[in-house]
Undergrad: 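Sharing a structure, written as structure tokens. Questions coming.
Heavy-atom basis, side chains included; hydrogens, waters and symmetry copies ignored. A, B, ... follow the sequence lines: proteins, then strands. Residue 1 opens every chain.
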Amino acid sequence: MENIKQALERLLGDALCKASGIEDVRANIISSSRPEFGDYQANGVMSVAKQLRRNPRDLAAETVACFQGDPRIAEITVAGPGFINIVLSDAYLARAATQALRVGDLIAATEQPLRIVVDYSGPNLAKEMHVGHLRGTIIGDCIARVLSALGHIVIRQNHVGDWGTQFGMLIAYMDSLQSEPQTATMELADLELFYRNAKARFDSDTGFAELARQYVVRLQQGDADCLRAWQHFIEHSLKHCEAIYDKLGVTLTSDDLRAESYYNNDLPLIIEELNAQGMLSVSDGARCVFLEEFKGKEGAPLPAIVQKSDGGFLYATTDLAALRFRGRTLNAERILYVVDARQSLHFQQVFAIARKAGFVPLDCRLEHIAYGTMMGKDGKPFKTRSGDTVKLQELLDEAVRRALNIVTEKNPELSQEARDRISNTVGISAVKYSDLSKNRTSDYVFDWDTMLSMEGNTAPYMLYAYARIRSILRKQAETGLACNLGEILPGGVEERALMVKLQQYTETLHVVAVDCMPSHLCTYLYELAGTFMRFYEACPVLKAEPTVRASRLSLVALTAEVLESGLTLLGLRTLESM
RNA sequence: GGGGGUAUAGCUCAGCUGGAUAGAGCAACGGCCUUCUAAGCCGUGGGUCUCAGGUUCGAAUCCUGAUACUCCCGCCA
């Protein structure tokens with residue numbers, strides 16, 4: 001269904017076409033930059049006027065004259081050098097809010113549902129998840145939730161790293177501990193330690209290193225003992241991931257797993273197909289694909305290596321196999337790779353090769369949803385003092401601990417159980433929000449205080465707004481007085497502002513679905529919460545006279561629904577009280 | 001050497017793709033709890049949008065150049 005922004009774009013676009021005599025011009029509608037300019041403004045007239053060398057104010061006036069009128073619009077005026085300012089009618093806003101509350105469909109589904117593969121999280125199972133895995137996991141999860149809510153068919157793919165040389169080393173090490181099972185179990189409990197110990201042994205003990213290499217070969221040849229050991233290790237490591245997903249509230253399940261090893265048998269076929277199409281070249285013994293659009297130094301062609309000189313395959317090969325699977329078997333129409341921005345060249349190459357080789361249909365959209373690198377406070381790539389990464393588990397524990405301190409300070413009367421429950425939600429939400437609210441594409445500075453801050457533009461602010469709302473509705477229920485929810489009436493400025501904001505929820509989600517920027521949803525929800533807070537300060541609900549009370553209660557109920565929906569799409573849990 | 005990215009308030013970041021007086025939060029200062037949760041609300045101060053040019057009615061946004069930081073560039077993922 002068309003939202004108001006789309007409707008304005010269409011109506012004023014038509015008017016602008018008539019006034020200018022040009023087909024296909026955009027009215028360029030945005031929500032107004034300042035409240036005195038109305039609710040929406042059209043910025044498109046001026047660029048068209050420029051094109052036609054016409055006076056922009058005259059063209060704006062003509063556009064308004066050509067505008068056929070619409071009951072949803074109360075006022076439409078030309079302003080400044082050629083802006084068109086639009087004020088929505090109070091009656092329409094109240095009616096739209098009433099309708100949304102009554103029917104409960106806050107989100108207008110897309111008119112063109114697509115099969116969309118979202119590849120995200122993809123941790124390396126050789127190690128424990130660290131803070132660097134946070135972004136991809138929660139951004140991907142948010143995007144998947146939003147696309148799904150808009151009616152797309154979303155296929156989540158967790159492309160975990162479970163294959164390659166390091167696994168030979170790890171299972172060789174695990175076997176070497178077989179004689180002391182207790183040590184093995186203990187070390188496996190701390191994957192990071194296990195990896196470090198294995199690596200140390202690998203680096204210092206040449207005999208062990210040789211053994212590890214043999215394990216890799218045996219593993220790839222399908223040796224049953226090796227596979228069993230590998231399976232054991234993978235299952236163990238996956239439990240770590242699942243514990244994190246569970247704690248984070250990420251929707252990924254074991255059904256979404258499609259590990260690197262899944263494509264193992266496809267890898268030789270990829271080489272064959274590329275070869276059959278004449279796309280392969282051999283350079284220094286390695287099999288490469290050279291594409292014209294990628295140039296290295298002095299215009300020299302830039303290779304993408306798909307098979308090493310020793311016959312081994314590389315991650316480009318695996319990614320090609322995954323693309324082929326997604327294109328041909330999953331029948332994806334859009335494929336999103338939520339992966340670190342540093343891999344952008346890699347994906348450009350892989351996408352180009354896959355297209356040329358016909359692994360994916362021509363009209364399949366391939367997008368690298370790149371996110372920025374995590375930096376230290378010094379502006380250099382992030383490392384702790386000891387040179388390690390911060391485990392994701394540690395970050396989440398610290399977040400919950402800090403939240404508990406705050407909860408205890410603010411609400412000492414609450415039971416231990418209640419404080420634990422609240423601090424768990426507040427702490428985890430704060431971590432997720434502080435990441436989601438930043439521009440996905442920029443690098444970001446990892447800092448405990450920023451990451452775990454709970455004031456201002458943070459998840460706790462929005463959870464607090466939500467809890468206040470629930471509290472009003474609870475109090476109303478406690479009075480035992482009947483109050484018919486449903487009819488929302490035009491009200492004062494704060495109520496009006498809230499209604500305007502509420503009906504912008506759908507248009508926000510459509511933007512997020514296109515650009516895959518969860519930060520836009522964060523900004524919207526933050527503004528919605530702020531708008532509600534101002535309404536809350538200015539407009540008594542329960543103490544208002546009956547007609548106004550019923551209307552305000554309905555508005556409050558609708559705000560609760562939108563906030564709850566939006567926070568859920570961000571992947572945050574809500575609280576009834578805090 | 002080639003290519004990509006970033007540079008906005010003391011700090012962390014927005015800025016809807018060229019629009020109106022560049023916005024938030026934190027930090028600082030001041031005001032608001034006998035009224036639905038003060039994790040809140042209102043107000044004050046804080047800016048050469050890295051620098052230098054250019055394009056035009058109009059630039060933080062586009063183009064050119066410079067500087068700083070960062071990432072990637074044939075057998076790791």
Undergrad: Considering every strand shown, what is the Watson-Crick or G-U wobble mate of B/rA52 when both distances are under 3.5 Å?
TA: B/rU64
Undergrad: From C-beta outward on A/Y315, which listed nucleotide comes closest to its side chain: B/rA39, B/rA77, B/rA38?
TA: B/rA77
Undergrad: Strictly below 4.0 Å: does A/R287 bring a side-chain N or O up to OP1 or OP2 of B/rC75?
TA: no
Undergrad: Just name whichever nucleotide pairs with B/rC69, Watson-Crick or G-U, keeping both distances under 3.5 Å, else none.
TA: B/rG5
Undergrad: Check salt bridge (Lys or Arg N to Asp or Glu O under 4.0 Å) between A/K127 and all other residues, then give those that pass, not counting sequence neighbours.
TA: none
Undergrad: So, do A/D162 and A/L238 sit near enough that their side-chain heavy atoms are less than 4.5 Å apart?
TA: no
Undergrad: Are the ring of A/F83 and the six-membered base ring of B/rG19 within the stacking cut-offs of under 5.5 Å and under 30°?
TA: no
Undergrad: B/rA39 phosphate, OP1 or OP2: any side-chain N/O from A/K410 under 4.0 angstrom?
TA: yes
Undergrad: Is the phosphate of B/rG15 approached by A/H520 (side-chain N or O, under 4.0 Å from OP1 or OP2)?
TA: yes
Undergrad: If the condition is salt bridge (Lys or Arg N to Asp or Glu O under 4.0 Å), which residues does A/R196 pass it with, not counting sequence neighbours?
TA: none
Undergrad: Are the ring of A/Y464 and the base ring of B/rG40 both nearer than 5.5 Å at their centres and tilted by less than 30°?
TA: no
Undergrad: Taking O4'-C1'-N9-C4 for purines and O4'-C1'-N1-C2 for pyrimidines, is B/rG45 syn (within 90° of 0) or anti?
TA: anti
Undergrad: Base, backbone or nothing for each nucleotide of nucleotides 23-34 of chain B, written B, S, -, heavy atoms under 4.0 angstrom, 5' to 3'?
TA: SSS---------
Undergrad: Could you please name the option among B/rG15, B/rC75, B/rA39 that lies closest to any side-chain atom of A/P460?
TA: B/rA39
Undergrad: With heavy atoms under 4.0 Å as the rule, sort A/M533 into base, sugar-phosphate or nothing.
TA: sugar-phosphate
Undergrad: What's the CG-P distance between A/N43 and B/rG18, to the nearest Å?
TA: 11 Å
Undergrad: With a 3.5 angstrom cut-off on both distances, give the Watson-Crick or G-U wobble partner of B/rA24, or none if there isn't one.
TA: B/rU12
